[in-house]
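Contents: one structure, followed by commentary.
If you read the sequence from its start, that first residue is 1, and numbering goes on from there. Computed from a predicted structure; not experimentally measured. Counting starts at 1 for both ligands and their atoms, following the listed order.
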Amino acid sequence: MEKVASQTEPNPFEEMVQRFNIAAEKLKLDDGLYQVLLTPDREIGVAIPVLMDNGSLKVFKGYRVQHSVARGPGKGGIRYAPDVTLDEVRALAAWMTWKCAVVNLPFGGAKGGIVCDPKKLSNAELEKLTRRYTASLIDVIGPDRDVPAPDVNTDERIMAWIMDTYSMHARRTVTGVVTGKPLDLGGSVGRREATGRGCKIVCDRAISRFGMKRENTRVIIQGFGNVGSMAAHILYGAGYSIIGVSDVHGAIINTLGINITKLMAHVHEAKTVAGFPDAEPISGEELLVQPCDILLPAATENQITHENAGSIQARIICEGANGPTTAQADEILFDKKVFIIPDILANAGGVTVSYFEWVQDRQGYFWNLKTVNERLEEIMVNSFDTVASYADRHSVNMRIAAYMLAIDRVAFTIRERGIYA
Ligand code: NAD
């Protein structure tokens, strides 16, 4: 079969394709389905004019990619960042398809992004940008079409604006159009910490596989935003020893363990982990290669590459971020017998509780935290165990097993639905 070629310095979409190719080969996926699964259903680019506070007019570029809606409505976050590209959004949309399939949710995969630096925008500008982007996508999003959620630099407040704009157009309140909303606007308890909680659940599974105990497990976390801080908080609460943490401004280490409750109070004030008094400063690059048991990248793509993979000293990598490890790094880490819990499994706790939020919105009946967390635990444990046994059965690593499982599930649905002509 003719494959999509990969380059030496792959972009995020190429990174996804490289893993897809290995899994497709193992599954003996036929040429037609190979093409269907790698071609996004729909890619939308929108121009977003915003009247800035100083009276000038500025045009921002926005995207929404719906990679697959075979298994249900598209599902995936929206990120606001200066370096957003269509290729990145395309990769993230495909990862969402595989992620929803790995944890067996009735969703396809989508992702959105706006090229902007939210730190340089006022609240009013951010709101106008969000509302105009939503209005431009009004025909393609919706509870039964495509359900956005927060991602890098987007939060509950932005989800509330999206929900309100969509509802104004629909002439009724439609809470199920986005997830990750504030609680009193149809949000779900447990959503904010869900990705971090999911990371903790799969870390528990991984350490028990190796006969390790939480209290002897040293964890380093890259990124202290939604995923990183919540993972730190929950792992710390469960007895893990968090010895290093970084964010975009700096990194800290204390081999005796960091008090995460105190660190969170420091970050609340200082807006960065840097300067935390009970730890030593270290560079972000150095932190990644310090001795530890679990390395949990929770920042951005391509952080573990062929350049630093050889120096990584972790036994387990739990990918809180999407695409933190390059395909080249994968091979090096595989040779070093590092156990990787791949992004499409490790960080699926977020989309799982997003699914719960969507279900609750549609039912108009809201669950308590115990129910949300128990159902999340059940899905994450089952998914980890399914991927792990798939890996053992097919003699592949966890990443390729997760891809194979996901591709198999999506391909099965497409075959069952048939091709409409
Ligand atoms: P966020 O914006 O809340 O936090 C990102 C964090 O990473 C910030 O602390 C930032 O300072 C830090 N960071 C950025 N570049 C860094 C670098 N080079 N070194 C160290 N730290 C750096 O974003 P988030 O929602 O926590 O998402 C993080 C990752 O997790 C992304 O890859 C996202 O796609 C993925 N993810 C998020 C969710 C979710 O529920 N929020 C779910 C699944 C996956």
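Looking at Ala321, Cys199, Pro118, Ala299, it is Ala299 that brings a heavy atom closest to atom 13 (N) of ligand 1. If you check each of Met96, Lys99, Lys111, Gln303 against atom 18 (N) of ligand 1, the one with the closest non-hydrogen atom is Gln303. Nearest to atom 21 (N) of ligand 1 by heavy atom, out of Leu287, Val152, Asp247, is Asp247. Counting only non-hydrogen atoms, the option in Thr154, Val273, Thr300, Thr195 that gets closest to atom 40 (O) of ligand 1 is Thr195.
The N/O atoms of Glu301, backbone and side chain alike, include none that comes under 3.5 Å of an N/O atom in ligand 1. Checked by distance only, ligand 1 and Gly350 stay at 3.5 Å or farther apart across all their nitrogen or oxygen atoms. In terms of polar-atom proximity, defined here as any N/O pair under 3.5 Å, Pro150 makes no such contact with ligand 1.
Remark: minimum distance from atom 15 (N) of ligand 1 to any protein heavy atom is reached at Val248 CG2, 3.9 Å. At the top of the distance list for atom 25 (O) of ligand 1, counting protein heavy atoms only, stands Asn226 CB, 3.7 Å. Closest to atom 6 (C) of ligand 1, if we only count protein heavy atoms, is Gly225 N, 3.7 Å. Remark: minimum distance from atom 19 (N) of ligand 1 to any protein heavy atom is reached at Gln222 NE2, 3.6 Å. The protein heavy atom nearest to atom 32 (O) of ligand 1 is Asn322 N, 3.0 Å.
Using modelled atom types and a 3.5 Å distance limit, the side chains of Asp293 and Thr217 yield no donor-acceptor pair.
The closest approach between Glu193 and ligand 1 stays at or above 4.0 Å for every heavy atom of the residue. Proximity of Arg79 to ligand 1 is established by a heavy-atom distance of less than 4.0 Å. Not a single heavy atom of Gly284 lies less than 4.0 angstrom from ligand 1.
By the 4.0 Å N-to-carboxylate-O rule, Lys26 lies too far from Asp408 to be salt-bridged with it. A salt bridge between Asp87 and Lys111 is absent, with no side-chain N of the basic residue lying under 4.0 Å from a carboxylate O of the acidic one. The residues Glu357 and Lys181 are annotated as salt-bridged, a charged nitrogen and a carboxylate oxygen being separated by less than 4.0 angstrom.
Taking the ring axis of Phe210 as reference, the NZ or CZ atom of Arg315 stays within 45° of it and closer than 6.0 Å to the ring centre. Within the cation-pi definition used here (under 6.0 Å to the ring centroid, within 45° of the axis), Arg409 does not qualify as a partner of Phe412.
Proximity of Val227 to ligand 1, defined as any heavy-atom pair under 4.0 Å, is shared by backbone and side chain alike. Only the side chain of Arg191 comes within contact range of ligand 1, with a heavy atom under 4.0 Å; no backbone atom does. Heavy atoms of Ser229 found under 4.0 angstrom from ligand 1: none, in either backbone or side chain.
Annotation: Tyr133 is not in aromatic contact with Phe60 [ring centroid separation under 6.0 Å not met].
Within ligand 1, the atoms closer than 4.0 Å to a non-hydrogen atom of Ser246 are 20 (C), numbered from 1 in the order shown. The ligand atoms of ligand 1 that sit less than 4.0 angstrom from a heavy atom of Asn347 are 43 (C), 44 (C). Taking every non-hydrogen atom of Asp151 and a distance limit under 4.0 Å, the qualifying atoms of ligand 1 come out as 33 (C), 34 (O). Which parts of ligand 1 touch Asn153 is read off a 4.0 Å heavy-atom cut-off, strictly below it: atoms 2 (O).
Counting non-hydrogen atoms of neighbouring residues, nucleotides and ligands closer than 6.0 angstrom, the NE2 atom of His266 exceeds 12 such neighbours. More than 12 non-hydrogen atoms from other residues, nucleotides or ligands lie less than 6.0 angstrom from CD of Gln313. Within 6.0 Å of CZ in Phe366 there are more than 12 heavy atoms belonging to other residues, nucleotides or ligands. Crowding of Arg71 atom CZ: a count of heavy atoms from other residues, nucleotides or ligands under 6.0 Å exceeding 12. Atom NZ of Lys262 has 12 or fewer neighbouring heavy atoms from other residues, nucleotides or ligands inside a 6.0 Å radius.
Of the options Trp95, Phe107, Trp98, a ring-ring contact (aromatic ring centres under 6.0 Å, His included) to His67 is made by Trp98 and by none of the others.
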